[in-house]
Structure formats: structure tokens, C-alpha cells
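For reference, the structure discussed in these notes is given below.
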Amino acid sequence: MPSAPPIAQIALDIPVPRLFDYLAPGLTKADIGQRVRVPFGRKEMVGVVMGLLPDSSYALHKLKPVLEVYRDAPALSTELLRLLNFCSDYYHYPLGATVMAALPTILRRSQPVQVKLASAWQLTAAGLTLRTDDLPARAPAQRALLDHMRDGQAHPGTALAAICRGYRSIVKAWVSRGWAAQIIQPATLHPHPAEADAPPQLTAAQQDAVAQISAAFAHYQAFLLHGITGSGKTEVYLHLVAAALARGGQVLLLVPEINLTPQLTGVFRARFPHIAIATLHSGMAEGERLTHWLAAAEGRARIVLGTRLAVFAALPQLALLIVDEEHDSSFHQQDGLRYAARDVAVVRAQQRGVPVVLGSATPALETWHNAQGGRYTLISLNQRAIAHARLPTISLLDTRSCKPDEGLSATLLAAIRSRLDAGQQSLVFVNRRGYSPALMCFECGWSAACTRCSAKLVLHLREHQLRCHHCGHVEQVVHACPACGNLDLKPGGFGTQRIEDSLTRHFPQARILRVDRDSTRKKHSWPDMQRAIRKGAADILVGTQLLAKGHDFPKLTLVGVINADSALYSPDFRATERLFAQLMQVGGRAGRAGAAGEVLIQTQFPEHHLYRLLQRHDYAGFAASLLAERAAAGFPPFVHQAVLRAEAGRLDTALAFLHKAQCAAPHMTGVTLFDPTQAAMARKAGAERALLLVQSPTRKVLQAFLSAWMPQLYALKANNVRWNLDVDPLEI
DNA sequence: AGCACGCCGACT
DNA sequence: GTCGGCGTGCTC
């Protein structure tokens with residue numbers, strides 16, 4: 001008697017917390033983790049085989065068959081499927097949607113993968129006879145390109161673009177003249193084979209860190225690498241990567257921002273020129289992303305460098321995970337599958353039995369707490385690795401006694417003047433882009449607000465616009481107060497543009513460069529700007545967070561901070577933690593090589609203990625005081641939280657849904673369920689938002705509660721309400 | 001998420 | 001008399 005065809009459980013990108021069963025004749029265990037095409041409703045979808053069973057709990061006669069198995073890419077390993085299963089359980093997000101979210105978009109579509117082939121160009125025999133003088137003297141780009149290609153090798157477009165942006169038209173002209181030929185070859189992930197950079201001598205502390213972590217290569221262990229800016233964390237990473245590669249392993253390195261990726265990729269390429277390095281981030285073109293994903297999945301790329309989404313990359317030889325700047329909030333995905341890549345990285349290391357390194361100068365309080373409790377091994381790098389480099393001196397400028405002029409105090413202005421005279425660079429850090437965060441009427445107290453959000457509109461004076469930074473709403477600047485008719489509306493507070501104007505007035509001769517999301521979008525890209533800054537093409541930099549993150553500018557010796565205080569009266573209990581990290585980070589920009597840096601912070605609260613500890617560069621002291629506060633107040637990491645969020649056209653609709661959810665919740669000791677409230681930003685992009693907070697002293701109890709609660713939530717009919725659950729929320 | 005089915009207002 | 005509004009329910 002022939003045995004019944006197996007039943008395949010398929011993960012589909014459907015917001016329903018279950019898998020779908022299909023008849024799967026001919027499928028074997030080897031197809032688990034493989035993509036399949038299946039009929040779904042009256043359409044077809046791509047899913048992933050999660051398991052094969054002899055039987056189904058669904059009526060057998062209703063089962064449809066799997067239409068096709070795509071065997072064009074490696075199947076997801078059972079190990080990776082296990083990680084995705086964990087994430088689905090832990091974040092209470094449907095398994096099918098979780099699995100599909102881990103795939104590059106092209107693999108979610110119902111066509112077999114076309115492996116991307118890249119164009120390369122090579123000089124022909126005729127082209128090789130050309131001399132530089134044969135090309136016009138006023139065509140330096142052509143001459144540079146010719147010099148570069150004279151080796152007769154095939155050069156991929158990406159490599160030629162590095163010589164000359166407009167290489168394409170030049171090379172095409174050469175092809176038509178018979179000087180060059182186009183060649184199609186598989187895209188290469190290491191386009192510039194070269195001599196490897198020699199690793200520098202490690203400090204004793206760095207050597208010790210490398211030795212400690214390398215000793216854990218065969219098993220799981222989580223390390224917190226706590227090192228101040230300039231203490232050489234990257235160099236420790238590089239040595240660990242070398243060690244992992246020597247053992248035949250792959251390394252996953254997670255970094256916060258796409259902005260960091262090109263710079264860091266450069267460092268890794270220079271040190272490991274013969275190793276294929278895959279990069280994965282959301283800014284990449286779909287095809288490019290697939291190329292890199294496949295290189296990682298097939299084990300060809302031995303180093304994978306990416307943002308949070310890379311934590312789900314298929315890595316058959318994974319031997320080491322590193323999360324750089326692990327405290328950074330960009331490791332948290334805020335929609336869809338709401339995961340924290342740093343935490344997923346730790347679980348992944350645990351499941352695989354390999355070490356994971358979390359690096360930061362200002363670890364997340366949760367991480368620090370784990371290190372204090374012994375769950376993570378703390379390794380501290382206390383000295384700056386660069387010889388003679390000292391920590392910057394941090395001074396506080398009391399803006400109550402010394403009123404700033406258009407945002408800038410006399411002391412800060414004098415300090416900038418002295419840098420200008422010495423040919424050094426200054427950085428002025430402002431927390432808001434735009435001209436000013438409000439447009440106000442001083443007669444009646446009106447200020448311009450967004451109609452779709454509960455937020456003030458930000459004045460962008462140059463564009464004569466008021467913009468909402470939350471929903472993108474734009475309107476023209478009004479010239480009279482809509483409430484009282486007063487014609488004298490004034491900006492309130494300072495944004496980067498206003499500080500830039502102010503600096504221009506004080507230092508008309510200085511070259512001032514503004515760096516924020518607005519200025520980097522047009523004109524020059526941020527990497528171009530960084531190059532210009534490093535070359536000394538600017539005297540004063542004005543900018544937001546963008547400037548704070550991990551770039552060395554050797555001529556930068558002064559950092560001024562304009563309006564840090566707002567975090568001190570924020571209702572968000574994590575605001576001070578973020579402020580400290582931010583100030584520590586931006587302060588670290590000053591004086592990295594040789595010259596000691598100076599940081600000047602304008603504040604109304606110079607006596608605040610945050611600033612005192614910052615002046616002493618005392619992260620540990622600050623963390624201890626924050627942890628004591630959190631313990632006393634019963635906040636994380638001493639409790640574990642989850643937030644049920646709801647959005648609707650009307651606030652009462654959202655609240656009513658949450659109230660129903662509250663009533664449907666199972667009773668469980670050790671779980672506190674708060675009453676529904678409106679969100680901190682009650683209205684965003686036209687949607688009214690409310691939330692329901694749940695917490696418990698133990699993760700296990702919270703998880704048990706959520707597991708029991710979720711089916712109840714799915715059973716509620718959510719008329720016009722969009723809801724989602726946020727486990728370990730960053731903001732409430 | 002799609003996409004159908006299904007029961008109540010303004011139009012050829 | 002129909003076209004179409006989006007509420008509700010299902011997809012293996």
C-alpha cells in the first residue's frame with residue numbers, strides 16, 4: 001500500500017498566528033526551510049516549508065498542493081528556523097510573517113531567483129596600446145580611468161565608479177571605438193584585492209580582551225566590551241574577526257546606522273582584502289541585497305556587516321557575533337516584527353553555542369545590569385589606545401547667569417574664536433533640525449501645531465515653511481497669529497539652521513557646515529561631507545545626532561552643546577540615559593589625536609548629577625545611580641514590560657478596544673495590567689493612539705501571560721482599530 | 001494582508 | 001429598479 005503524501009506546514013506572510021498545511025508529494029526533509037509556491041485563496045503566494053508531517057489537523061480534502069519548490073537558493077537551516085520560531089514566540093508576532101520578514105524581498109516573490117551578474121569592463125588589445133597622451137589633456141577622468149585599466153584586467157563597474165563617477169559614458173564611448181569591451185561576470189564582494197593593512201600593536205587591555213573572548217570560541221558566552229571613545233574597540237573586533245576566520249568561521253557584525261556601514265566596510269576591506277565581505281542594510285537595492293544575502297547563506301562571504309536586519313542572515317559557519325554600539329536605539333525595529341537585534345543576537349549566539357560581543361562606551365542600562373549580574377562578562381577598556389590622547393575636559397556653561405546671544409553664550413563664542421585662530425575645527429551640537437522648534441505668538445501664547453499630530457510645527461525659515469517632523473506635513477509660514485491677529489510672531493527655541501545663522505553673524509569669515517538630515521539630503525551626501533571635513537574644508541560644524549556618531553575628525557578639538565536640558569524634564573524615564581550616552585558620544589568627537597579636546601555644555605542645571613558624572617566620564621557611576629532610581633521606582637530592568645498599542649480614527653475607539661483587551665486578559669499573579677491611556681504622542685499622522693501597559697518582575701511570567709492573552713486579542717473584533725504588541729518597549 | 005460576500009443609500 | 005459603501009470573515 002502506497003504511503004500517504006506528506007503534509008507540509010507552510011509559513012506565509014499573513015497576519016494570522018498559524019501555519020498553513022498543504023499536500024506535499026515529493027517533498028523530503030531536505031526541503032524544510034525551502035521556499036515554495038502555493039495557492040492561497042484565489043491567488044498564489046511564496047512561503048517557506050517549516051515542517052513535514054504525515055497528517056494534518058485540517059480537513060484533508062480541503063488541502064491544496066504545493067505547486068513548486070524553489071531550489072535556487074539554499075534552504076533556511078533548521079537552526080535559523082529555530083531562531084525565527086523563538087522570535088515569533090517571544091515577540092508574539094505570527095510565525096509566517098516573522099519567517100518571511102527574514103528573507104530579502106526578492107526571495108518573497110514568486111519567481112525563481114535570477115543570480116545577479118555584474119558588468120565589468122576590460123581594455124581590448126587596441127585599448128591597451130593607448131598612451132595617456134592619446135587622450136585629451138582636459139579629460140583627467142578619462143586619463144585616470146585608462147591608467148587604472150591598463151593592467152588588462154576586467155574591472156567591475158563598482159570599482160570604476162570609485163575612480164570616476166561618470167565612468168559609464170566614458171567606457172561606453174571606448175567600447176564603440178573598440179578600445180574596451182563589456183564583460184558580464186558574477187558580482188564580486190571584494191572588488192579591490194590589495195595588500196592587507198598591517199594590524200597595529202594592541203594595548204595590554206586590548207590584548208587581554210581579545211584573549212578572553214577568543215578563549216570562548218567553542219561555546220556560548222556573552223561579553224560586554226565597555227570602552228570609552230578611542231579606546232580601540234574596533235581594533236579588538238578586527239583581531240577577533242581574524243581569529244574567527246582562522247578557525248574557518250563566519251562573523252556577523254551588527255552596526256547601528258547605514259551611515260556607519262561604508263566607513264566600517266572600508267576598514268574591514270583594508271584589513272581583510274582577500275575575504276568576501278557581505279553588507280546588509282535597508283538602503284541597498286533589492287538585487288544587491290540578494291547578492292550579499294546569498295553570499296552569506298552559501299558561506300562565500302565570511303564577514304557580514306549590517307544593520308539590525310542582518311541578525312537574521314543565513315550564516316552556515318557562524319562563529320562569532322559582534323554588536324557595535326549595542327545601546328543604539330536603531331537596533332530596535334519599531335513596526336511589523338518589533339524586535340531588538342541586540343537581544344536576538346544574544347539568543348542566536350546562545351542557540352548556536354558561539355560567543356557574542358556587545359560593544360559600547362555607554363551600554364544600555366539593561367546590558368549593564370546583565371553584566372553586573374554576571375549574565376554577561378564585562379571587559380573594560382579604560383584607556384584611549386592612541387598614544388597621548390586624553391579624555392576631553394567637560395565644562396558647564398550656566399545659561400541662567402550668562403545669557404546666550406541667539407543661542408550661543410559668550411564663553412562658547414570665545415572658545416570657537418580661539419579654534420578658528422588656531423586653525424582647528426569646532427562642532428556645535430544642536431538636538432533639532434530646522435530653524436526653531438516652534439513659531440509662537442507672544443501676545444496670546446498661540447504656537448503653530450500640526451493638524452494631524454499632537455506636536456508643534458518646526459519652523460524652516462529658509463524654505464518659508466512650517467514642517468511636522470513626525471508626519472511630514474508641510475505648510476507655509478503664517479504671518480499673523482490665527483488666534484489673536486498679532487503680526488509679531490517669533491521663533492521659540494533653536495534648531496540647527498538658527499544656530500548656523502547665529503554663527504555666520506558672529507564669524508562671517510568662517511566656513512560653516514551644517515550637517516543634519518536636511519543638509520545631507522541635498523547638496524552633498526554625508527560620506528562626501530565627511531571626507532571634506534576630514535580634509536579641513538570646514539571650520540565650524542553645526543549638526544544633530546548624525547555628527548555624534550563615530551567619525552574621527554582629526555582637526556576637531558571643541559564641541560559645544562546647545563540645548564541638552566529638555567531630556568531632564570522629559571516624562572520618558574529613559575530620556576536621561578539617552579542624554580548621557582549622546583553627550584558622551586558627541587564629547588568623544590573632540591580631540592582624538594594628540595590635542596586634548598574641550599566640551600562646553602550650555603545648561604540651566606549645571607549642578608545636575610548627570611552633568612557631574614559626565615564631567616568625570618563616569619559611566620559606571622551614572623549607571624549605578626540610574627539603576628538605583630529604576631529599582632526604587634520599579635522600572636526596567638527591574639520589571640519586564642509589554643505594551644499593547646491601538647490606533648484608530650477616534651481616541652475613544654482605540655481606548656474601547658484596549659478596554660475590551662483588558663477585560664479579556666487572563667488573571668495571573670505577578671502580572672500588573674494598567675488601565676488604557678492615550679499615548680505620549682496622542683495623535684500621529686491623523687491617527688489617535690492609545691496603549692495598555694503590562695509588566696511583571698519576571699520575564700517568564702510576563703511571557704506566560706502574553707501567550708495566554710494573544711488568542712483572546714485575535715478573537716476580539718477590532719473594528720477600525722489597528723493594534724500591535726510591543727515586547728520590551730523602548731518608549732511607552 | 002487581500003479579497004470575497006453581504007446588506008443599506010443615490011443614480012441611469 | 002441597480003451601483004457601491006465598507007463591516008465581517010476566511011484563506012490550508
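Proteins come first, then strands; the chains are lettered A, B, ... in the order of their sequence lines, and each starts at number 1.
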Assess whether a salt bridge exists between A:Asp516 and A:Arg521, defined as any Lys/Arg side-chain N lying under 4.0 Å from an Asp/Glu carboxylate O.
no

Salt-bridged, A:Arg71 to A:Asp31, with N to O below 4.0 Å?
yes

Do the rings of A:Phe86 and A:Tyr90 sit parallel, tilted or perpendicular, given the 30° and 60° boundaries?
parallel

Suppose we call two aromatic rings close when their centres sit under 6.0 Å apart. Are A:Trp723 and A:Tyr714 close by that rule?
yes

Without decimals, in angstroms, what is the distance between A:Phe20 CZ and C:dC10 C1'?
9 Å

Can you see whether A:Ser360 engages A:His327 through a side-chain donor-acceptor pair at a distance of less than 3.5 angstrom?
yes

Centroid-centroid distance, A:Phe312 to A:Tyr339, less than 6.0 Å
yes

Spacing between A:Tyr58 atom OH and C:dC12 atom C1', to the nearest angstrom
5 Å

Could you check whether A:His469 and A:His460 have their ring centres less than 6.0 Å apart?
yes

Without decimals, in angstroms, what is the distance between A:Lys43 NZ and C:dC10 C1'?
14 Å

Run the salt-bridge test on A:Lys64 and A:Glu44 with the 4.0 Å N-O cut-off and return the result as yes or no.
no

Would you mind reading off the distance between A:Ile7 atom CD1 and C:dC12 atom C1', rounded to a whole angstrom?
10 Å

Spacing of A:Phe40 atom CZ relative to C:dC12 atom C1', expressed in whole Å
8 Å

Listing time: all N or O pairs from protein to nucleotides 7-9 of chain C that are below 3.5 Å?
residue, atom, partner, partner atom, Å
C:dT8, OP2, A:Asn719, OD1, 2.3
C:dT8, OP2, A:Asn719, ND2, 3.1

Take atom CG of A:Leu19 and atom C1' of C:dT11, then tell me their distance rounded to the nearest Å.
14 Å

Base, sugar-phosphate or nothing for A:Arg42? Non-hydrogen atoms, less than 4.0 Å.
sugar-phosphate

A:Met50 atom CE is separated from C:dC12 atom C1', nearest whole Å, by 16 Å

With a strict under 4.0 Å distance from non-hydrogen atoms of chain A, what nucleotide opens and what nucleotide closes the contacted stretch of DNA chain B, reading 5' to 3'?
B:dA1 to B:dA4

Mind checking A:Val16 for me? I need base, sugar-phosphate or nothing, with any heavy atom below 4.0 Å counting as a touch.
base

Roughly how many Å is it from CD1 in A:Ile14 to P in C:dT11, rounded to a whole number?
12 Å

Within the supplied structure, the quantity of interest is the number of heavy atoms (other residues, nucleotides, ligands) at a distance under 6.0 Å from A:Arg352 CZ; does it exceed 12?
yes

